[in-house]
Each structure stands twice: as structure tokens, then as C-alpha cells.
Amino acid sequence: MPRLSEVIAALENLWPAERAESWDAVGTVVGDPDQEVSRVLFAVDPVQEIVDEAVKLDADLLVTHHPLYLRGTTTVAASTFKGRVVHTLIKNDIALHVAHTNADTADPGVSDALAGALDLRVVGPLVPDPADPSGRRGLGRICELDHPLTVRELALKAAERLPATAQGIRVAGDPEATVRTIAVSGGSGDSLFDQVRAAGVDAFLTADLRHHPVSEARAHSPLALLDAAHWATEWPWCELAATQLDEISDRNGWGLRVHVSDTVTDPWTAHAASNPPTRTTGAPN
């Protein structure tokens with residue numbers, strides 16, 4: 001069996017920490033470099049529910065996309081929910097490693113996995129990494145559809161292919177407009193509208209879209225916007241990352257057992273659809 005330090009070295013080769021944004025917190029959070037690793041669990045969020053799943057699975061390493069301590073802390077007391085996560089990990093000899101924005105811009109990365117889930121053909125990065133001479137790394141992806149779809153059909157396909165969440169897929173724009181090209185970005189994407197418009201695509205699928213940026217984006221162009229749940233747009237990366245580690249394990253003869261959590265950690269748990277409007281005047285209820 002490999003030691004944690006060997007597995008982490010392989011993961012760092014896939015997602016080098018130096019490629020993370022300056023504000024990010026990536027890398028190994030918990031773990032003894034000399035401990036042996038036989039079972040690995042991938043998940044989006046390092047929350048207690050996922051850590052308990054790792055314990056039940058008898059995993060030695062938990063790899064998550066989201067950081068545990070993004071803004072730092074002054075305590076890991078078990079009376080705090082993040083401190084309890086740390087205590088549970090250490091008590092059960094489970095290491096925690098985070099790949100966040102360094103996985104977003106990787107080749108392949110989070111947005112490649114999102115495009116793959118929707119059967120989109122990746123043309124290139126939406127925001128290329130200037131440090132990559134091949135022009136393959138970067139944030140988001142510009143994609144082509146094999147066959148044109150209406151915005152409505154594309155939204156239905158996204159709702160079918162991405163993990164089910166209470167939100168589903170929200171749409172801004174003409175549902176009957178034709179989509180041949182689309183930009184995708186896993187996670188929060190409304191800071192990328194300028195780049196999306198510059199790409200000249202028909203639609204943009206991302207998450208966490210807010211009222212004012214969407215309103216302004218729609219005023220600028222007929223670009224269709226598809227807003228999925230943050231967790232749902234990033235979960236496909238877990239499957240991609242697990243496959244990558246499986247291949248590394250096979251090459252090295254490690255015999256790792258690699259798993260992907262299908263536990264839904266999207267924080268939204270229910271959705272109530274609005275009733276069709278029955279009047280056109282007066283203030284909304």
C-alpha cells in the first residue's frame with residue numbers, strides 16, 4: 001500500500017497547489033504523511049455527513065473540492081462544526097486533502113467534467129491560463145453541441161444529467177432560442193459574463209447566478225443563462241478525479257479502492273414552484 005505522502009504527491013501533480021488562487025486554501029488539511037492509504041473517498045464538501053460516510057467506508061483519505069477552512073480559524077474545538085470534522089478525521093486516521101481552484105483550471109478540470117456530463121464537446125478554456133503554452137488550462141470551458149437544442153431542451157437535459165437538487169435548473173432568456181455553442185463553468189460563474197459575451201456563445205451554464213448581474217447580462221445581449229445548483233455543477237468532477245486516481249493506482253500497482261460519495265450536500269432541501277400569475281396589475285403577493 002502507498003503512504004499518504006505518495007498519494008498526495010500524485011494528487012499535487014494533477015492539481016498543483018501553486019495554481020490555486022491566492023485567496024484559496026488547498027492542500028492537505030489533516031493527515032500523517034507516513035500513514036498507509038488503501039481506500040479513498042471523493043466528495044464536494046468536507047461536512048460532517050461526508051466525514052461520517054468516510055468513517056463508515058473505512059477510508060484512509062478524503063479528497064474534497066471545497067476547502068474546510070477557507071478563511072482560517074483560531075480553534076478546532078469539537079464544539080464547533082468544523083472542529084468536530086477535524087476531530088472525527090483524526091480519531092479515525094482519515095486524511096483530508098483539498099483541490100479547489102487548482103482543480104477548476106486543471107486540464108482536465110471541474111468544467112471539463114461538467115461538459116462531459118452534458119455530452120458537450122470542449123473547444124477550449126473560457127479564461128485561458130496565460131502560463132499554459134498549450135492553451136488547454138484555464139477557468140470554464142467553451143463547448144459545442146453535437147446537435148442544436150433549444151434553451152428549453154438544453155435545460156431539461158441538464159436537469160436530467162446533473163445530480164438532482166431542490167433547485168433544478170433556472171433559465172433566463174428565450175426558452176425557444178437555438179443553442180449551438182455554450183460556455184460552462186462549475187461553481188459560481190456570474191463574474192465571467194464579460195468573457196462569456198466575448199466568446200460569442202449562445203448560452204452559459206453555471207451556478208449561483210444573482211439578480212442584478214443576470215439582469216445586466218440580459219440587457220447586454222440575447223445570451224441565454226442556465227443556473228444550476230453549485231454542488232450539482234461540481235459533483236461530476238468527483239467522478240473524473242476518482243478515475244484519474246484509479247489510473248495512477250493501476251500504473252503504480254497500489255491497489256487503491258477509490259469511491260465517489262453520492263450524498264447530496266447541496267444546502268437547499270426543497271422547492272415550491274410559484275403559481276401562474278392570475279393578474280397583471282398591482283403589487284405581487
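Counting from 1, the numbers follow the sequence of the chain as shown. This structure is a prediction, so every number in the text was calculated from the model and none was measured.
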Note to self: Within this structure, what is the OG1-CZ distance for the pair Thr243 and Phe42, rounded to the nearest 0.5 Å?
What the structure shows: 9.0 Å
Following the transitive rule for hydrophobic clusters with a side-chain heavy-atom cut-off under 4.5 Å over Ile, Leu, Val, Met, Phe, Trp and Tyr, establish whether [X] and [Y] coincide in one cluster.
{"X": "Val260", "Y": "Leu62", "value": "no"}
{"X": "Leu245", "Y": "Leu41", "value": "no"}
{"X": "Val47", "Y": "Val40", "value": "no"}
{"X": "Ile94", "Y": "Ile90", "value": "yes"}
{"X": "Leu96", "Y": "Val63", "value": "no"}

Taking all atoms of both residues into account, what is the closest heavy-atom pair of [X] and [Y], and its distance?
{"X": "Leu61", "Y": "Leu4", "value": "CD1-CD1, 4.0 Å"}
{"X": "Pro2", "Y": "Val7", "value": "CG-CG2, 3.8 Å"}
{"X": "Gly138", "Y": "Pro125", "value": "CA-CB, 4.0 Å"}
{"X": "Asp112", "Y": "Arg141", "value": "OD2-NH2, 2.8 Å"}
{"X": "Ala229", "Y": "Ala207", "value": "C-CB, 3.9 Å"}
{"X": "Gly186", "Y": "Ser111", "value": "N-OG, 3.2 Å"}

Please check if any side-chain donor atom of [X] sits under 3.5 Å from a side-chain acceptor atom of [Y], or the reverse.
{"X": "Glu53", "Y": "Thr263", "value": "yes"}
{"X": "Glu216", "Y": "His212", "value": "no"}
{"X": "Asp266", "Y": "Thr165", "value": "no"}

Any donor-acceptor pair under 3.5 Å linking the side chain of [X] with the backbone of [Y]?
{"X": "Asp45", "Y": "His66", "value": "no"}
{"X": "Asp24", "Y": "Ala20", "value": "no"}
{"X": "Thr233", "Y": "Gly187", "value": "yes"}
{"X": "Asp190", "Y": "Pro213", "value": "no"}
{"X": "Glu239", "Y": "Pro236", "value": "no"}
{"X": "Asn102", "Y": "His100", "value": "yes"}
{"X": "Arg218", "Y": "Leu223", "value": "yes"}
{"X": "Arg210", "Y": "Val214", "value": "no"}
{"X": "Trp235", "Y": "Ser261", "value": "yes"}
{"X": "Asp60", "Y": "Ser38", "value": "yes"}

Output side-chain donor-acceptor pairs under 3.5 Å for residues 191-204, partner residues at least two apart or in another chain, one line each.
unit_1, atom_1, unit_2, atom_2, d
Asp194, OD1, Arg197, NH2, 2.6
Asp202, OD2, Arg180, N, 2.8
Asp202, OD2, Thr181, N, 3.1
Asp202, OD2, Thr181, OG1, 3.4

Notebook entry, point to check: In the hydrophobic clustering (ILVMFWY, side-chain contacts below 4.5 Å, transitive), which residues join Leu149, or is it alone?
Noted result: Leu114, Leu118, Leu120, Leu145, Val151, Leu154, Leu162, Ile169, Val171, Val179, Ile182, Val184, Leu205, Leu226
Margin query: If hydrophobic residues (ILVMFWY) are linked whenever their side-chain heavy atoms come closer than 4.5 Å, directly or via other members, who joins Trp268 in its cluster?
Written below: none
Acceptor/donor pairs from residues 74-88 side chains to any protein atom, 3.5 angstrom cut, sequence neighbours excluded:
unit_1, atom_1, unit_2, atom_2, d
Thr75, OG1, Ala77, N, 2.9
Thr80, OG1, Ala77, O, 2.8
Thr80, OG1, Gly83, N, 3.0
Lys82, NZ, Leu68, O, 2.8
His87, NE2, Val76, O, 3.0
Thr88, OG1, Gln48, NE2, 3.3
Thr88, OG1, Arg84, O, 2.8

Checklist line | Glu49, CD: over 12 other non-hydrogen atoms inside 6.0 angstrom | finding: no
Check: Should Trp254 and Glu6 count as side-chain neighbours, where that means a heavy-atom distance under 4.5 Å?
Finding: yes
Notebook entry, point to check: Does any non-hydrogen side-chain atom of Pro108 lie less than 4.5 Å from one of Gln244?
Noted result: yes
Next item on the list: Starting from the C-alpha separation in whole Å, work towards a yes-or-no answer on side chain to side chain contact (heavy atoms under 4.5 Å, CB included) for Val26 and His97.
Entry: CA-CA 7 Å; Val26 301; His97 187 80; over 6 Å; no
Next item on the list: Fit a plane to each ring of Trp237 and His65, take the angle between them on a 0 to 90° scale, and name the class: parallel (under 30°), tilted (30 to 60°) or perpendicular (over 60°).
Entry: tilted
Notebook entry, point to check: Which residues pass the salt bridge (Lys or Arg N to Asp or Glu O under 4.0 Å) test with Asp119, sequence neighbours left out?
Noted result: Arg161
Item checked: salt bridge (Lys or Arg N to Asp or Glu O under 4.0 Å) partners for Arg137, two or more places apart -> Asp129, Asp132
Next item on the list: Would you please test Glu176 and Arg152 for side chain to side chain contact (heavy atoms under 4.5 Å, CB included) and show each step?
Entry: CA-CA 6 Å; Glu176 304 309 320; Arg152 186 189 307 278; 2.7 Å; yes
Checklist line | Ion pair check, Asp146 and Arg121, cut-off under 4.0 Å | finding: yes
Item checked: Leu126/Leu139 under side chain to side chain contact (heavy atoms under 4.5 Å, CB included): CA gap, chis, key distance, verdict -> CA-CA 6 Å; Leu126 176 63; Leu139 188 61; over 6 Å; no
Checklist line | Single hit among Asn92, Ile50, Asp93 for side chain to side chain contact (heavy atoms under 4.5 Å, CB included) with Val55 | finding: Asn92
Checklist line | side chain to side chain contact (heavy atoms under 4.5 Å, CB included) between Val37 and Met1, intermediate numbers included | finding: CA-CA 6 Å; Val37 175; Met1 287 187 292; over 6 Å; no
